[in-house]
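Model, not experiment: these values are computed from the prediction.
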Amino acid sequence: MDPVRVRFAPSPTGHLHLGSARTALYDYLIARKTGGQFILRIEDTDRKRLVEGAEEEIYKGLRWLGLDWDEGPDIGGPFGPYRQSERKEIYQQYARELIENNHAYYCFCSPERLNDVRLEKQKRKELAVYDGTCRRLTLKEALGRVAAGEKHVVRFKTPKSGTTTMTDLLRGNITVENRMLDDYIIVKSDGLALYHLAATVDDHLMKITHVIRSSEWLPTAPLHCLIHRAFGWQEPVWVHLSVFLKPSGKGKMSKRDAAELIKDGHSIFIKELETLGYLSEAVLNWVALMGWSYDDHTEFFTKEELVKKFSLERLNPSPAAINFQKFDYFNANYIRMLGDVELANMIKPFFDSVGIKADLPTLIKIAPIIKERLTTLDDAIEMAGLFFKPFPDLSPEVLLGKDMSREESRSVIQATISIFSDLPELSKDLSETKMRETVEALGFSAGQVFGILRMAITGQKVSPPLFESIEIIGKKVVMERLEKAQKLLQVE
RNA sequence: GCCCCCAUGGUCUAGCGGUUAGGACACGGCCCUUUCAAGGCCAUAACAGGAGUUCGAGUCUCCUUGGGGGCACCA
């Protein structure tokens, strides 16, 4: 495949989410695979909807995901500027060209009148498109009114008859009747272009070969083709990706749904995923497989493998419900692939954030025993907090072994104390070997004995493996805890 | 309402005219086991419906149904 030039063109009006991340990923993959360019373009022509910090969030999110771009607002490039708000004059120039070639016209109708027209048409169950009042004006007349300072927009002159056929890579030919297409506004009264014009002009000027975007754009794609053709430009290859549906499969994710998700420790926003304890590798792998597949069984891919194996032809056009269980599965697996030092460094910030002082050397020792027990990194707090937090006050009841009396339980602890005190150190192997021998002699089951010890030593009913934990906690503290538990069980 | 798109288990998907319809997640059971996990084994579960085309249709065509998306001086 020839090198492609693709662009990821988000608008800084909200958070970077999973859907955009996937689009960006596919852009990145096909660019890297073909040795082409991945371009970042900020579509900020709507000044009213701008959200402070949103552009920065896009950069951060893409960087976290490891999707580096070749041209963009921050790094420049041969086709800049890459922020549409800085390209106002370019769009106006092209709008003028369209007007001169009779493919666009000035419109002086007020928003109020437009709204009335729309409502009226809807009431009569007609197509709610512009009624064409200003389309009938002569160019001379319109120019006069513009010169007189009258407020105006520019509309694209869509053909009123015939059909327009475009080709989408995943869906084949799509034909629409031109009368269904509106005379869309392409330049607002503030002089800034709307998406339809801005994106079309930029895609051409930036030599974009493949437009990969959400299928929400499908209904207006014929319009974009028409604009390309009006200029006499060659169209890019159109690739409309399926949309992501909420987990229930009932519709797109709404603000409300997103807020609900957080309660389960999930999110569709990239910036939250990191603090929730997800790995960017897992995000990439998971999201890549929602709408794309390689074969009937491979499902773990590094970014490098994705670059090698990705192809537009294997994209799936049908909408996909987001499945967070699968995401967790991927994340748990990617955590397990981490090295001990790497994992320790990654969970450290989570302890810091809740005010638990966890030192790196200990975390490195803990890493191997909690690794396969974590779904997300923040699970480490619950899993390994016991190694750093003060020991809890226990009641005698929780120290009782299953079906065992108080005295029996106490004797188990007593026996352990005498065995442990003879050992130079409580290494995992040594303590476990000794205790396994003892279990039989004591006449209780391993479950009973180790259950008591787990509670006495870790202070928890559920913990990482007992003897590994003992080694990490260290002989001194272990002995103290055993003594304390033994006293607690003495009948008063 | 109108236009466009989509349609294999609960979910993500493989399948590109001839398969016992494959994999994964989730769910259930069993094994392993000092808890929790992990792992191993097993089970349940799908071609939306109807017409065609064809010797033969999950695969091609049409209709119906269902779902999704779009109908702004938003993107």
Legend entry - Toward the 5' end of RNA chain B, by each residue's nearest nucleotide, A:Gly291 or A:Val187: A:Gly291
Legend entry - Touch class at under 4.0 angstrom, heavy-atom based, for A:Lys371 against every strand present: nothing
Legend entry - Residue A:Arg171, side-chain atoms from C-beta onward, closest of B:rA75, B:rC6, B:rC12: B:rC6
Legend entry - A:Asn316 side chain, from C-beta outward: closest of B:rC12, B:rA14, B:rC5: B:rA14
Legend entry - From B:rC5, B:rA75, B:rC73, nucleotide with atom closest to A:Ile174 side chain: B:rC5
Inset, instruction - Indicate for each nucleotide in nucleotides 35-47 of chain B, in 5' to 3' sequence, whether protein heavy atoms under 4.0 Å reach the base (B), only the sugar-phosphate (S), or nothing (-). - result: BBBSS--------
Inset, instruction - Would you mind classifying the nucleic acid contact of A:Val243 as base, sugar-phosphate or nothing, using non-hydrogen atoms under 4.0 angstrom? - result: sugar-phosphate
Legend entry - Side-chain N or O of A:Lys121 closer than 4.0 Å to phosphate OP1/OP2 of B:rC2: no
Legend entry - A:Arg155 NZ/CZ over A:Tyr130 ring centroid, <6.0 Å and within 45° of normal: yes
Legend entry - Rounded C1' spacing from B:rC25 to B:rA45 in Å: 14 Å
Inset, instruction - Using the C1' atom on both, measure B:rC74 against B:rA24 and round to a whole Å. - result: 38 Å
Inset, instruction - Taking the side chain as every heavy atom from C-beta outward, state whether A:His266 and A:Leu276 have any pair of such atoms under 4.5 Å apart. - result: no
Legend entry - Between B:rA21 and B:rG9 - P atom distance, rounded Å: 16 Å
Inset, instruction - Using a heavy-atom cut-off of under 4.0 Å over every strand shown, decide if A:Arg436 touches base, sugar-phosphate, or nothing. - result: base
Legend entry - G-U wobble or Watson-Crick pairing nucleotide for B:rC2 (cut-off 3.5 Å, both distances): B:rG70
Inset, instruction - Check every strand shown and say whether A:Ala128 touches a base, only sugar-phosphate, or nothing at a heavy-atom separation below 4.0 Å. - result: nothing
Legend entry - Minimum heavy-atom distance between A:Gly277 and A:Asn331, given as atom pair plus value: O-ND2, 3.2 Å
Inset, instruction - Please report the closest heavy-atom contact between A:Tyr195 and A:Arg213, naming both atoms and the distance. - result: OH-NH2, 3.2 Å
Legend entry - Sugar-phosphate, base or nothing in reach of A:Trp286, heavy atoms under 4.0 Å: nothing
Legend entry - Test: A:Arg145 cationic atom under 6.0 Å from A:Phe108 six-membered ring centre, within 45° of axis: yes
Legend entry - Closest to side chain of A:Pro319, choosing from B:rG68, B:rC73, B:rC12: B:rG68
Legend entry - Nearest-angstrom distance from the residue atom CD of A:Glu177 to P of B:rG70: 22 Å
Inset, instruction - Under 4.0 Å between any heavy atoms, over every strand shown, what does A:Thr45 touch: base, sugar-phosphate, or nothing? Just pick one. - result: sugar-phosphate
Inset, instruction - Can you tell me, in whole Å, how much space there is between the C1' of B:rC27 and that of B:rC12? - result: 16 Å
Inset, instruction - Name the nucleic acid region contacted by A:Arg49, choosing base, sugar-phosphate or nothing; use a 4.0 angstrom heavy-atom cut-off, strictly under. - result: base
Inset, instruction - Among the candidates B:rC12, B:rC2, B:rC73, find the nucleotide nearest to the side-chain atoms of A:Met180. - result: B:rC2
Inset, instruction - Determine the contact category for A:Gly447: base if any of its heavy atoms lies under 4.0 Å from a base atom, sugar-phosphate if only primed atoms, P, OP1 or OP2 are that close, otherwise nothing. - result: sugar-phosphate
Legend entry - Heavy-atom pair of closest approach, residues A:Met435 and A:Phe450: CB-CE2, 4.1 Å
Inset, instruction - Among A:Tyr94, A:Tyr184, A:Tyr91, A:Phe156, find the one that has a ring pair (Phe, Tyr, Trp, His ring centres under 6.0 Å) with A:His196. - result: A:Tyr184
Legend entry - Closest-nucleotide 5' rank along RNA chain B - winner of A:Asp295 and A:Leu127: A:Leu127
Inset, instruction - Hunt down the Watson-Crick or G-U wobble partner of B:rG52, both distances under 3.5 Å, from any strand shown, or write none. - result: B:rC60
Legend entry - Proximal nucleotide (of B:rA14, B:rA75, B:rC2) relative to the A:Asp296 side chain: B:rA14
Inset, instruction - May I ask you to say what A:Leu181 touches in the nucleic acid, namely base, sugar-phosphate or nothing, with a heavy-atom cut-off under 4.0 Å? - result: nothing
Legend entry - B:rA7 pairs with, by Watson-Crick or G-U criteria that keep both distances under 3.5 Å: B:rU65
Legend entry - P-based separation of B:rC42 from B:rG23 [nearest Å]: 11 Å
Inset, instruction - Using the C1' atoms only, state how far B:rG28 lies from B:rA43, rounded to an integer number of Å. - result: 8 Å
Legend entry - Selection from B:rU13, B:rC6, B:rA75 that lies nearest to any side-chain heavy atom of A:Ser11: B:rA75
Legend entry - Nearest to side-chain heavy atoms of A:Lys252, which nucleotide of B:rG68, B:rG70, B:rA24: B:rG70
Legend entry - B:rG69 and B:rA37, which share atom name C1', separated by this distance in whole Å: 42 Å
Legend entry - Closest listed nucleotide, where the reference is the side chain of A:Ile185 and the choices are B:rC12, B:rA7, B:rC73: B:rC73
Legend entry - Inter-nucleotide P distance (B:rU65, B:rC73), Å rounded: 33 Å
Inset, instruction - Only one of A:Arg83, A:Arg41, A:Arg7 passes salt bridge (charged side-chain N to carboxylate O under 4.0 Å, His left out) with A:Asp202; say which it is. - result: A:Arg41
